[in-house]
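Comments concern the structure below.
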Amino acid sequence: MNLPFDIAKRYIFSKKSTNAINVISGISVFGIAIGTTVMILLFSVFNGLEDLLTGFFNTYNPDVKVVPYKGKTFSQDSIDLAQLEKIEGIEFISKTLEEVAFFEYDNDQTFGIIKGVDKNFIKVNRIDTIIREGEFRLNMNGSNMAVVGAGVRRKLSLNIDDFLTSLTIYSAKRKKVGATSKPFKKVSINPSGVFAAYQEDLDNRYVFTSLEFTRKLLSLPNKLSAIEIKLKEDANLKNTILEIKKIVGDRFEIRDRYQQEETYFNVLKMEKWLAYALISFALILVLFNMVGALWVIILDKRKDIAILKSMGAENHQIRNIFLNNGLMLTLIGLFLGIILSILLYVIHKNWGIVTMPPGSIIDIYPASMRFTDFIIVSITVIVLGILASLGPAQRAAKIQTIFQEG
């Protein structure tokens, strides 16, 4: 028999001598429930945004990317590609080369990035799934073609159906030129498709061409910017990266999908935990209601406390009664908050409580519940509830007995 728990349960659920105790207790439970609901739903929203960004990045970023620690390019011969292809977890390897360039189309100009890719690029990435016009084709009847981002197309007012107007690409020459020579190389190419990656940086800057075309334009016949790798579905990411590291050595950095867009995810994570801290602070303020409810219960039950002490109850038992009181109020609010958050989440996923403006890439605001979030929120609420109960519980333990010595 747990006497402090049984007495605490009776104090919570039995009829009170004054209605004010019920009101204050109800307000504290309601506040905890709302705080719990808001915190869980907030985590769900950030999870949804993370999943949404991951989906967008997955259409362009490879499973693994190998880039040099120093400089923008490296010699293709510095990596044994044949050995890389023999690694068990690797399915496809793509060689890429990119550099800043200047683009011109029918009197419109813009700066951007030209990226040369080989024939395996479309196997390593899912860029073919985001082609909005035309097709992803880099060669046609022996002629070089280009696939441009939607933002580049908009800046240049580009028409991929106009075969008479070419896209002109300018690249700075790498060797010193004479005073009368032009400092840049100029080539023309026809566009074959337009992609929209939902990433402003890609759409507004990138133009894809064949690796051979780009190497010739940049005068870099044996150079690469990166090795992009697609893994097999059953591949172990960590072990495969270790195998790649053994082959490429310490001069190269190996990035997984998350590390390729680490800045975006770090900002999102920072915002998520900042919001968590703010909601936790608001929950602390809400718990002052529970402190008030416990004080009122203690005042109402001070005769009971004195009698219990007279019967031999020790201070720690009295303290535990009101700690259990606070914990019960906290758990009731936590339980109601979890139920309410799940209910709102289900309604939102099925009917869309918060919708996006017309023309958006998604219809409703993204949200995704994860079990770990429930654990984090539960621990946070319970710990804050116990801390809020400590003061009143310690004060209750100091109440004197009815029988005083004369």
Between [atom1] of [X] and [atom2] of [Y], what distance do you get to the nearest 0.5 Å?
X    : Y    : atom1 : atom2 : result
F43  : I279 : CZ    : CD1   : 9.5 Å
T209 : L138 : OG1   : CG    : 7.0 Å
E104 : Y170 : CD    : OH    : 4.0 Å
N144 : I169 : CG    : CD1   : 9.5 Å
E262 : K269 : CD    : NZ    : 8.5 Å
D373 : L41  : CG    : CG    : 10.5 Å

Give a yes or no on this: more than 12 heavy atoms of other residues, nucleotides or ligands lie within 6.0 Å of atom [atom1] of [X].
X    : atom1 : result
D250 : CG    : no
F374 : CZ    : yes
K272 : NZ    : yes
E88  : CD    : no

List the atom of [X], the atom of [Y], and the distance in Å for their closest heavy-atom pair.
X    : Y    : value
L218 : E99  : CD1-CB, 3.5 Å
A388 : L287 : CB-CB, 4.1 Å
L97  : T214 : O-CG2, 3.8 Å
L84  : I90  : O-CD1, 3.3 Å
S280 : L384 : O-CD1, 4.0 Å
A226 : V67  : CB-CG1, 3.7 Å

Distance-only, no hydrogens or angles: does the [X] side chain make a donor-acceptor pair with backbone N or O of [Y] under 3.5 Å?
X    : Y    : value
Q260 : D256 : yes
D80  : Q83  : yes
R215 : E212 : no
N190 : M145 : no
Q394 : G391 : no
S341 : I338 : yes
K349 : A367 : yes
H348 : Y365 : yes
E85  : A82  : no
Y105 : N159 : yes

Could you go step by step and tell me if F195 and R132 meet the side chain to side chain contact (heavy atoms under 4.5 Å, CB included) rule?
CA-CA 5 Å; F195 71 90; R132 297 295 176 259; over 6 Å; no

Side-chain contact, heavy-atom cut-off 4.5 Å: [X] with [Y]?
X    : Y    : answer
V147 : V207 : no
T37  : L340 : yes
K398 : N315 : no
L217 : K185 : yes
S25  : I297 : yes
Y206 : V152 : no
L331 : L327 : yes
I305 : F322 : yes

So, applying side chain to side chain donor-acceptor pair (under 3.5 Å) with D63, which one of K230, R257, K232 is it?
R257

Establish, yes or no, whether a centroid distance under 6.0 Å links the rings of F252 and F74.
yes

Of L323, I298, L308, the one forming a side-chain contact (heavy atoms from CB on, under 4.5 Å) with I318 is L308

Does a donor on one side chain and an acceptor on the other come within less than 3.5 Å for [X] and [Y]?
X    : Y    : answer
Y258 : N266 : yes
K95  : N120 : no
T73  : S225 : no
D51  : S368 : yes

Going by an N to O cut-off under 4.0 Å, is there a salt bridge joining [X] and [Y]?
X    : Y    : answer
E98  : K223 : no
D203 : K155 : no
E243 : K245 : no

Begin from the C-alpha positions of K186 and T168 and carry the test side chain to side chain contact (heavy atoms under 4.5 Å, CB included) through to its verdict.
CA-CA 7 Å; K186 170 184 174 183; T168 304; 3.6 Å; yes

The test is side chain to side chain donor-acceptor pair (under 3.5 Å); show your working for Y276 and T380 and say whether it passes.
CA-CA 10 Å; Y276 164 78; T380 301; 2.5 Å; yes

Applying side chain to side chain donor-acceptor pair (under 3.5 Å), run through D106 and T165 and close with a yes or a no.
CA-CA 7 Å; D106 195 22; T165 306; 5.5 Å; no

Over 60° means perpendicular and under 30° means parallel, so tell me whether F121 and F208 are parallel, tilted or perpendicular.
tilted

Could you walk me through whether L224 and T96 pass the side chain to side chain contact (heavy atoms under 4.5 Å, CB included) test, one step at a time?
CA-CA 6 Å; L224 297 174; T96 64; over 6 Å; no

Between K115 and E228, does a salt bridge (charged side-chain N to carboxylate O under 4.0 Å, His left out) hold up when you go through it step by step?
CA-CA 13 Å; K115 181 168 183 175; E228 303 190 12; 2.8 Å; yes

Test R255 against V64 for side chain to side chain contact (heavy atoms under 4.5 Å, CB included), laying out the working first.
CA-CA 6 Å; R255 303 173 183 169; V64 177; over 6 Å; no

